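Just below is one structure, and these are the notes that go with it.
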Amino acid sequence: MFLPSLLIICYNLCMQKSNFSFATTKLIAIFLSVCLLSGCTKPAGLTSVTRDDLLGTAITISIYDNVPDRLFAQCFDEIAAIEARMSVNRKDSEISLLNENTGGAFLVSDNIYALLQRAVYFSGVSGGAFDISIGPVMELWRKDGHFETLPSPKEINEKLAYVGYEAITFPGSNMVSMEQGMRLDLGAFAKGHALEVVRDILLENGVRHALLDFGGDIYTIGEKPDGSNWRVAIKTPIVGDNSLVCVIEVSDLCVMTSGGYERYFEQDGIYYHHILNPATGYPAASDLLSVTVISAEITGADALSTAGFVLGLEQGMIMIDKLEGYEAIFITSAKEIYVTAGLKGKTTLLNTGFQLKGN
Ligand code: ADP
Ligand code: MG
């Protein structure tokens, strides 16, 4: 089961559009590392299922316990339900309906209400570097759901006036209010939320060893079946370089990466990537190539990896250090790797073109 799923992923890579290339390359890195660990033999009880039609990426659930097939179906149904609620690419999603009903209070489900409150919390924690109200500007850069259009400075300035999480308020139970013209985009948050929900379903069903790979964002349940930690490798965060840069050992933790090499387009020799600085409306241009956040709290880690990438090394490090339960790996454009205190001594360099600092 294991090798075929690796082949399916390689096939998907060939078939995917360029703006999905990043997510899949993160994923290959992970599978290579798992492959090294297991020697590519199928451990007893391993069942692995991949789907590439959800959340705009390839999702692989690998369970190392004996479980009924319906458990996989339950997980994928739940991911589909999350996409149906949260996707801005679907006109009938709850978020799209909310976006069409700004300028007053709008009633949302318990699920979206709780998620939006968390999103606003992480927007505050990051000083607005992570901002789910990036929608109006993000829509200028997207065409038919793909990040591929360079807007004019005038367009960006006009839409920036509608960006600002402080104007998202919660006037009553399950009520959300935004100023007219604001639009939410939960793209930096949705995979983390889906991972968290699937993790919880598997734990409730007694799963003890599993590897969840959502487009290269990872959660590891328990240890590997042999009792050792999972080793998760991080891809070198440079377009066109599929080597691995470093590896960390984890169990019961997520490994969420945001980087400028992920989804992007090139125009007149300039690369434009999909993580925007909400202060400028342009792709974040910090001193970082990527940020990886490691935590048991998956949705927060997803938000914080995006935020850290926008903030840059110094401010990103300060943000993570202030928060309990999150560690991070920052890879800079100078090809240096910095890790937070809790990861010191736990990160192994795999690429001699990079330097591991203060480990
Ligand atoms: P990925 O989902 O590709 O792993 P991220 O988690 O960093 O990467 O999310 C990037 C997505 O988040 C973008 O495609 C867009 O939908 C949205 N986004 C971009 N910039 C920001 C930002 N500064 N704050 C919140 N969301 C953002
Ligand atoms: Mg994110």
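Positions are given from 1, in the same order as the sequence printed here. One-based numbering, in listed order, for ligands and for the atoms of each. From a predicted model like this one, the values you see are computed outputs, not experimental measurements.
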Exercise. Angle at the Mg ion (ligand 2) between OG1 of T306 and O of A188, to 10°?
Worked result: 100°

For this session: Examine R263 relative to F147 and say whether NZ or CZ is less than 6.0 Å from the centre of the six-membered ring and inside a 45° cone about the ring axis.
Result: no

Exercise. Looking at S258, which atoms of ligand 1 are within less than 4.0 Å of one of its heavy atoms?
Worked result: 5 (P), 6 (O), 7 (O)

Exercise. In ligand 1, which numbered atoms sit nearer than 4.0 Å to a non-hydrogen atom of A129?
Worked result: 22 (C), 23 (N), 24 (N)

Problem set entry | Metal site the Mg ion (ligand 2): N/O/S of D217 inside 2.8 Å | no

Problem set entry | Heavy-atom check, side chain of L97 versus side chain of F106, under 4.5 Å | yes

Exercise. Should one rank I134, L304, V291 by closest heavy-atom distance to atom 18 (N) of ligand 1, which comes out on top?
Worked result: I134

For this session: Please identify which atoms of ligand 1 are closer than 4.0 Å to at least one heavy atom of K191.
Result: 1 (P), 2 (O), 4 (O)

Exercise. Looking at the Mg ion (ligand 2), is one of the N, O or S atoms of M256 less than 2.8 Å from it?
Worked result: no

Exercise. Counting each atom of ligand 1 from 1 as listed, which ones have a heavy atom of D217 under 4.0 Å away?
Worked result: 4 (O)

Problem set entry | Listed once per pair and sorted, the salt bridge (Lys or Arg N to Asp or Glu O under 4.0 Å) pairs that draw on residues 112-125, sequence neighbours left out | R118-E196, R118-E297

Exercise. Is M175 reachable from L98 through a run of hydrophobic residues whose side-chain heavy atoms are each under 4.5 Å from the next?
Worked result: no

For this session: Return yes when atom CD of E94 has more than 12 non-hydrogen atoms of other residues, nucleotides or ligands closer than 6.0 Å, and no otherwise.
Result: yes

For this session: Describe, in one word, how the ring planes of W141 and F265 are oriented to each other, choosing from parallel (under 30°), tilted (30 to 60°) and perpendicular (over 60°).
Result: tilted

Exercise. Is G216 in contact with ligand 1, taking contact as a heavy-atom separation below 4.0 Å?
Worked result: no

Seminar exercise, completed: Per-atom filter on ligand 1: closer than 4.0 angstrom to a heavy atom of D302 are 6 (O)

Exercise. What atoms of ligand 1 come closer than 4.0 angstrom to any heavy atom of T306?
Worked result: 5 (P), 6 (O), 7 (O), 9 (O)

Exercise. Do any heavy atoms of S305 fall under 4.0 Å from ligand 1?
Worked result: no

Problem set entry | Test item, R142 contacting ligand 1 (heavy atom, 4.0 angstrom) | yes

Exercise. Which part of M138 is near ligand 1, with near meaning a heavy atom under 4.0 Å away: side chain, backbone, both or neither?
Worked result: side chain

Exercise. How far does CG of D287 sit from CG of L311, to the nearest 0.5 angstrom?
Worked result: 10.5 Å

For this session: Please confirm whether the backbone N or O of N229 pairs with a side-chain atom of E249, one donor and one acceptor, at under 3.5 Å?
Result: no

For this session: Using a 4.5 Å cut-off on heavy atoms from C-beta on, say whether the side chain of F72 contacts that of I63.
Result: yes

Seminar exercise, completed: Atoms of ligand 1 under 4.0 Å from any heavy atom of P278, numbered from 1 in the order shown, are 23 (N)

Exercise. Does an N or O anywhere in A188 fall below 3.5 Å from an N or O of ligand 1?
Worked result: yes

For this session: Search all heavy atoms of A328 against all heavy atoms of L343 and return the closest pair with its distance.
Result: O-CD1, 3.6 Å

Exercise. For ligand 1, which part of D131 has a heavy atom less than 4.0 Å away: the side chain, the backbone, both, or neither?
Worked result: backbone

Exercise. Taking all atoms of both residues into account, what is the closest heavy-atom pair of P278 and I134, and its distance?
Worked result: CA-CD1, 3.7 Å

Exercise. Polar-atom distance check: I275 versus ligand 1, any N or O pair below 3.5 Å?
Worked result: no

